[in-house]
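One structure below.
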There are 2 protein chains.
Amino acid sequence: MEAAARVIARRGVRGLRVEELAAEAGVSTALIYYHFKDRAGILRRTLEFISDRAERYTSERETPARPLDPRRELEQTLLLELQDEPVVRENSTAWGELRANAVFDPELREDLAKATLIWVQETAELLGQVSPMSPAASLAASAERLTALLEGLSMRWLSGILPLTHARTLLLEAVAVELERLDRK
Amino acid sequence: MEAAARVIARRGVRGLRVEELAAEAGVSTALIYYHFKDRAGILRRTLEFISDRAERYTSERETPARPLDPRRELEQTLLLELQDEPVVRENSTAWGELRANAVFDPELREDLAKATLIWVQETAELLGQVSPMSPAASLAASAERLTALLEGLSMRWLSGILPLTHARTLLLEAVAVELERLDRK
DNA sequence: GTCTATAACGGGATAGAC
DNA sequence: GTCTATCCCGTTATAGAC
């Protein structure tokens, strides 16, 4: 699965070649087909793996001695997706591919919708901890905007047209803008 | 070119089959290769075509008798990309594909970067007309956020996980949020 | 310019031995 | 479980007639 994540990050979902995956994993192509039914099976299982791993590194990141204040917690959680670390890049790339492919492949939409919903809800919850008086609907809207913005920024970063530091700055400002608004309402 | 845009909107850049394009255009595959050097040439020319067409429908949209006030002008321009009309859908889909492919294909990055820059600048200009006292750097940052958000929302819409009306609402609120902030600074 | 027919190739998938 | 060898199909691209 780790080899598959690496190959997808390098070539994309549609660029994954079973032969390249086999080489990356150090086995033969036949063995890949022994463990996975077919190419689609490889992709399905890999995307599950990536999704699980993303939840892990979101929730299990090393907790500092004293818990962060809610605002920092929110910021750090969102910024997690904008880091130039191999695992993060692999996950971000794979998710971008999943989204892009879902436009043409309805089969992928269910996974995508579920993961997106969870992510939006978690973000809304964090926002609620920062701004406890805000109505749920406002929190939900802000969470949808922040996560959609993050996806857009991530895409620009990964496609090399936006430097990572700039993307991070824009995201932090967006958090500030949304929180200012929530507080004023 | 129109046939190519339709096929790309239906199958994606990586899903385009020369045979399907030929059928869509009502000619033989050999004729496609007569007019374009190869598959890459087809894609390059089609993406140029789509880019030109997007500029056209952005700038040439029917101007109402009285010019809109700057705020409406900004909103309408951004909302143009979130419409369920065939041409718009084709363009949005193709741009999403271009971005997704640029992650793995450095050749595409130049076109993408140029088009994105122009779009961000135009948006910053419109923002400046609404909020003339704001410093250029703030306008630029807001324009980057709004366009990146629009890309994220567009992706979610096209992949079927966000209803169009909701996407439009979220975008309009984002415009409001950014303008409130610009005015307060 | 446009066609029919086909060559050439890449890559998914499997047979069968060990 | 794992390999080598290979089949076979879909797709790109071209040859050659009209």
Side-chain angles (χ1 to χ4, degrees), chain A residues 1-52 90 93-94 96-112, chain B residues 1-50 52 90 93-94 96-98 100-109 111:
Chain A
M1 301 318 312
E2 284 166 11
R6 283 195 298 275
V7 175
I8 286 180
R10 190 159 61 232
R11 308 286 183 206
V13 164
R14 283 170 278 196
L16 180 139
R17 300 284 162 259
V18 180
E19 204 175 350
E20 184 175 0
L21 166 57
E24 182 80 24
V27 298
S28 65
T29 66
L31 190 58
I32 301 289
Y33 283 99
Y34 175 80
H35 285 290
F36 306 90
K37 184 176 169 295
D38 55 13
R39 202 190 116 92
I42 300 170
L43 292 177
R44 219 194 53 245
R45 296 268 303 273
T46 307
L47 292 171
E48 278 170 22
F49 169 78
I50 283 169
S51 152
D52 290 351
E90 275 173 32
T93 305
E97 280 286 287
L98 180 58
R99 283 197 303 275
N101 280 281
V103 176
F104 307 101
D105 180 357
E107 269 187 48
L108 294 173
R109 292 185 185 183
E110 197 184 336
D111 283 347
L112 182 62
Chain B
M1 300 319 312
E2 284 166 10
R6 283 196 300 274
V7 174
I8 286 181
R10 189 159 61 232
R11 307 286 182 207
V13 164
R14 283 170 277 197
L16 179 139
R17 300 284 162 258
V18 180
E19 204 175 349
E20 184 176 0
L21 165 58
E24 182 80 26
V27 299
S28 65
T29 66
L31 189 59
I32 301 290
Y33 284 99
Y34 175 80
H35 285 291
F36 306 90
K37 183 176 169 296
D38 55 14
R39 202 190 118 91
I42 299 170
L43 292 177
R44 220 195 52 245
R45 295 269 303 273
T46 307
L47 292 171
E48 277 171 24
F49 169 77
I50 284 169
D52 289 351
E90 275 173 33
T93 305
E97 280 286 286
L98 180 57
N101 280 280
V103 176
F104 308 101
D105 180 356
E107 269 187 48
L108 294 173
R109 292 184 185 183
D111 283 347

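Just the heavy atoms: all of them, side chains too, but no hydrogens, waters or symmetry mates, feed the values below. Order of the sequence lines sets the chain letters (A, B, ...), proteins ahead of strands, with each chain counted from 1.
- When distances are taken from the side chain of Tyr33(A) to each of dA13(C), dC3(D), dC3(C), the shortest belongs to dA13(C).
- The side chain of Arg17(A) has dG12(C) as its nearest neighbour among dC3(D), dG12(C), dA13(C).
- As a whole-Å value, the separation of Asp38(B) CG from dG10(C) P is 15 Å.
- For the pair Lys37(B) NZ and dA13(D) C1', the computed distance is 11 Å after rounding to whole Å.
- Atom CZ of Arg14(B) has more than 12 heavy atoms from other residues, nucleotides or ligands within 6.0 Å.
- Of the residues listed (Glu24(B), Glu20(B), Glu90(B)), the one engaging Arg11(B) in a salt bridge (Lys or Arg N to Asp or Glu O under 4.0 Å) is Glu20(B), and it is the only one.
- A distance of 8.5 Å separates CE in Met1(A) from CG in Leu47(A), rounded to the nearest 0.5 Å.
- Rounded to whole angstrom, the span from the CD1 atom of Ile32(B) across to the C1' atom of dC3(C) amounts to 13 Å.
- When each of dC3(C), dG1(D), dG11(C) is scored by its nearest atom to the side-chain atoms of Ala30(B), the top-ranked nucleotide is dC3(C).
- Counting non-hydrogen atoms of neighbouring residues, nucleotides and ligands closer than 6.0 angstrom, the CD atom of Glu19(B) reaches no more than 12 such neighbours.
- Between the CD1 atom of Ile42(A) and the P atom of dA13(C) there is a distance of 8 Å, given to the nearest Å.
- For Tyr34(B), the listed nucleotide lying nearest its side chain is dT2(C); candidates were dG12(C), dA15(D), dT2(C).
- Residue Thr29(B) has its side chain nearest to dA13(D) when only dA13(D), dA13(C), dT2(D) are considered.
- Here Leu16(B) lies in heavy-atom contact (under 4.0 Å) with sugar-phosphate atoms only.
- If you take CZ of Arg39(B) and P of dA8(C), they are 22 Å apart, rounded to a whole angstrom.
- Between Phe36(B) atom CZ and dG1(C) atom P there is a gap of 13 Å when expressed in whole angstrom units.
- Where Val18(A) and Gly26(B) each meet DNA chain C at their nearest nucleotide, the meeting point lying more 5' is that of Gly26(B).
- You'll find that the side chain of Leu31(B) is closest to dT2(C), out of dG11(C), dT12(D), dT2(C).
- The distance from the CD1 atom of Ile8(A) to the OG1 atom of Thr46(A) is 4.5 Å, given to the nearest 0.5 Å.
- Whole-Å rounding puts the Glu19(A) CD to dC3(D) P distance at 13 Å.
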